[in-house]
Chemist: 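Quick one: the structure is below, questions incoming.
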Amino acid sequence: MIVITGATGNIGSKITQNLLDKGQKVLCIARNADKLIQFTDRGAQAATISLAQTDLLAQAFSGAEAVFAMIPPNYTAPDFLAYQEMIGTSLVKAIKQSGVKYVVNLSSLGAHLPDLTGPIKGLHAQEQRLNQIEDVHVLHLRPTYFMENTLVNVDLIKNQNIMGSAIRGDVQLPMIATQDIAAAAAQHLTKKDFSGKSIVHLLGERDLSLDEAAQIIGRKIDKPDLKYIQFSYADTQQALLGMGFSADVAKLFIEMAKAFNEGLIEAKRTKQNTTPTSFEEFAQVFPKLVYR
Ligand SMILES: NC(=O)c1ccc[n+]([C@@H]2O[C@H](COP(=O)([O-])OP(=O)(O)OC[C@H]3O[C@@H](n4cnc5c(N)ncnc54)[C@H](OP(=O)(O)O)[C@@H]3O)[C@@H](O)[C@H]2O)c1
């Protein structure tokens, strides 16, 4: 049995599908029971619990061959790092209590840095917490910026023929499709091909700038003049607040954008950490979103 936390999210849902396709036994964890039905209909078990419910979490983990562990985002948290610490500590206690021996932890590019990286700081702290557990093999997956982040621009593209964020348009970013993260996670969870505490970076098919990403999306949706605009930090912060983010999360997102703009968040690309899906393949999703 493999246990997947965040099982209905971007990454967890794709890992679950991947494992069910391979005939693996899976136990899915999330809070919304309706969204778990897609997996229980395919034979998966489900635990409709919060990751903060440590004892129930430990019960769900016990007897598992391997666990996929993640700290889900909570954009309304008044103190985001305290929220990450609360969930992260609960995961660590449940891992210890359950006796599970293999854990694949969703971390992030930039998690080697202790500070100045916004929400990634909390993932750095979670790597340290997991590294303290004795006799458990932990693989930290450090994926780069998700291609799916660009989907937040669909309304801007529809209404104003622009896309944008606080990241500079010319910064070369490694970008990854979440299906590639899920494929790597599923492989490590089934093969259990890691020991001690280790790190795997996942950097997508190539580095590209958000200016280039806009050109690629523009070609897919027959808007060749689609432009990427860098929004000011102040305007971005206001926009995030308008979307319901807490002031603390908005501040941390600006810190992360600065870290990308200043080249702080990076890793060396190798054949091993390069993954297959190109931005051109990912961008095929845009026409049906923009013209639906
Ligand atoms: N975006 C990026 O570029 C990037 C890059 C590197 C790393 N990351 C990391 O990736 C993570 C996001 O992954 P994702 O996109 O797959 O997340 P996501 O789509 O937001 O999914 C979150 C999942 O967790 C569940 N969940 C949320 N709160 C929960 C709680 N308290 N207890 C139990 N389950 C809970 C959700 O279901 P319910 O709501 O039903 O519980 C859902 O299944 C981020 O937290 C970040 O750390 C992101």
Side-chain angles (χ1 to χ4, degrees), residues 3-18 26-39 44 46-54 56-57 60-61 67-77 80-81 83-91 94 104-113 117-127 140-152 165-167 173-182 184-186 199-204 210 213 245 249 252-253 256-257 259-260 265-267 273 275 279 282:
V3 179
I4 309 296
T5 63
T8 54
N10 274 316
I11 297 174
S13 66
K14 293 181 183 98
I15 301 175
T16 304
Q17 279 155 15
N18 186 314
V26 181
L27 190 157
C28 300
I29 299 179
R31 294 163 305 174
N32 182 326
D34 291 346
K35 290 192 190 158
L36 286 164
I37 290 172
Q38 55 179 321
F39 301 128
T48 314
I49 58 173
S50 164
L51 299 179
Q53 292 173 288
T54 311
L56 295 177
L57 196 57
F61 288 175
V67 165
F68 174 74
M70 67 173 284
I71 302 179
N74 176 359
Y75 297 132
T76 58
F80 189 70
L81 296 176
Y83 156 79
Q84 286 176 307
E85 185 179 343
M86 184 271 289
I87 296 288
T89 303
S90 179
L91 281 163
V104 173
N105 169 48
L106 180 63
S107 183
S108 172
L109 181 66
H112 62 294
L113 298 168
T117 54
I120 300 171
K121 266 189 274 199
L123 303 180
H124 169 86
Q126 182 65 353
E127 287 196 6
H140 303 294
L141 289 184
R142 288 188 183 166
T144 182
Y145 187 91
F146 298 173
M147 291 179 186
E148 279 79 356
N149 295 343
T150 59
L151 297 175
V152 77
S165 80
I167 299 177
L173 281 178
M175 281 193 224
I176 190 166
T178 53
Q179 66 184 24
D180 288 0
I181 305 170
I199 295 162
V200 164
H201 281 97
L202 297 169
L203 299 188
L210 288 163
F245 285 42
V249 174
L252 289 169
F253 268 63
M256 182 168 65
F260 276 115
I265 299 178
E266 48 146 31
N273 64 32
T275 63
F279 195 81
F282 166 75

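Nothing fancy with the numbering, it's 1 onward along the sequence. Ligands are counted one by one from 1 in listed order, and the atoms in each one are counted from 1 as well. We use all heavy atoms of the structure for the numbers below, so side chains are in, but hydrogens, waters and symmetry mates are not.
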Chemist: Need the ligand 1 atom indices (1-based, order shown) with element for anything under 4.0 Å from a heavy-atom of I71.
Modeler: 45 (O)
Chemist: I need the I181 CD1 to N10 CG distance, nearest 0.5 Å.
Modeler: 8.5 Å
Chemist: Indicate yes or no: does an N/O atom of T8 lie under 3.5 Å from an N/O atom of ligand 1?
Modeler: yes
Chemist: Would you say the side-chain atoms of Q84 pair up with the backbone N or O of P119, donor to acceptor, closer than 3.5 Å?
Modeler: yes
Chemist: Any nitrogen or oxygen of S107, main chain or side chain, under 3.5 Å from a nitrogen or oxygen of ligand 1?
Modeler: no
Chemist: Just checking, is any N or O donor in the side chain of T76 or N74 under 3.5 Å from an acceptor N or O on the other one?
Modeler: yes
Chemist: Under 30°, 30 to 60°, or over 60°: which ring-plane class applies to F245 and Y75, parallel, tilted or perpendicular?
Modeler: parallel
Chemist: State whether the shortest distance between N or O atoms of A52 and N or O atoms of ligand 1 falls below 3.5 angstrom.
Modeler: no
Chemist: Return a yes/no value for F146: is any of its N or O atoms, backbone included, closer than 3.5 angstrom to an N or O of ligand 1?
Modeler: yes
Chemist: Can you spot which of L36, L51, I4 makes a side-chain contact (heavy atoms from CB on, under 4.5 Å) with I29?
Modeler: L51
Chemist: With a cut-off of 4.0 Å, which atoms of ligand 1 are near a heavy atom of T144?
Modeler: 5 (C), 6 (C)
Chemist: At a non-hydrogen distance cut-off of under 4.0 Å, which region of E148 contacts ligand 1 (side chain, backbone, both, or neither)?
Modeler: neither
Chemist: When only distance counts, is I11 in polar contact with ligand 1, meaning an N/O pair under 3.5 Å?
Modeler: yes
Chemist: Mind listing the closest non-hydrogen atom pair of M70 and P72 along with its distance?
Modeler: O-CD, 3.4 Å
Chemist: Is the shortest N/O to N/O distance between N32 and ligand 1 below 3.5 Å?
Modeler: yes
Chemist: Numbering the atoms of ligand 1 from 1, which are under 4.0 Å from a heavy atom of P73?
Modeler: 12 (C), 17 (O), 20 (O), 45 (O)
Chemist: Would you call I49 a ligand 1 contact, heavy-atom distance under 4.0 Å?
Modeler: yes
Chemist: With heavy-atom distances below 4.0 Å as the criterion, list the atoms of ligand 1 near S108.
Modeler: 6 (C), 7 (C)
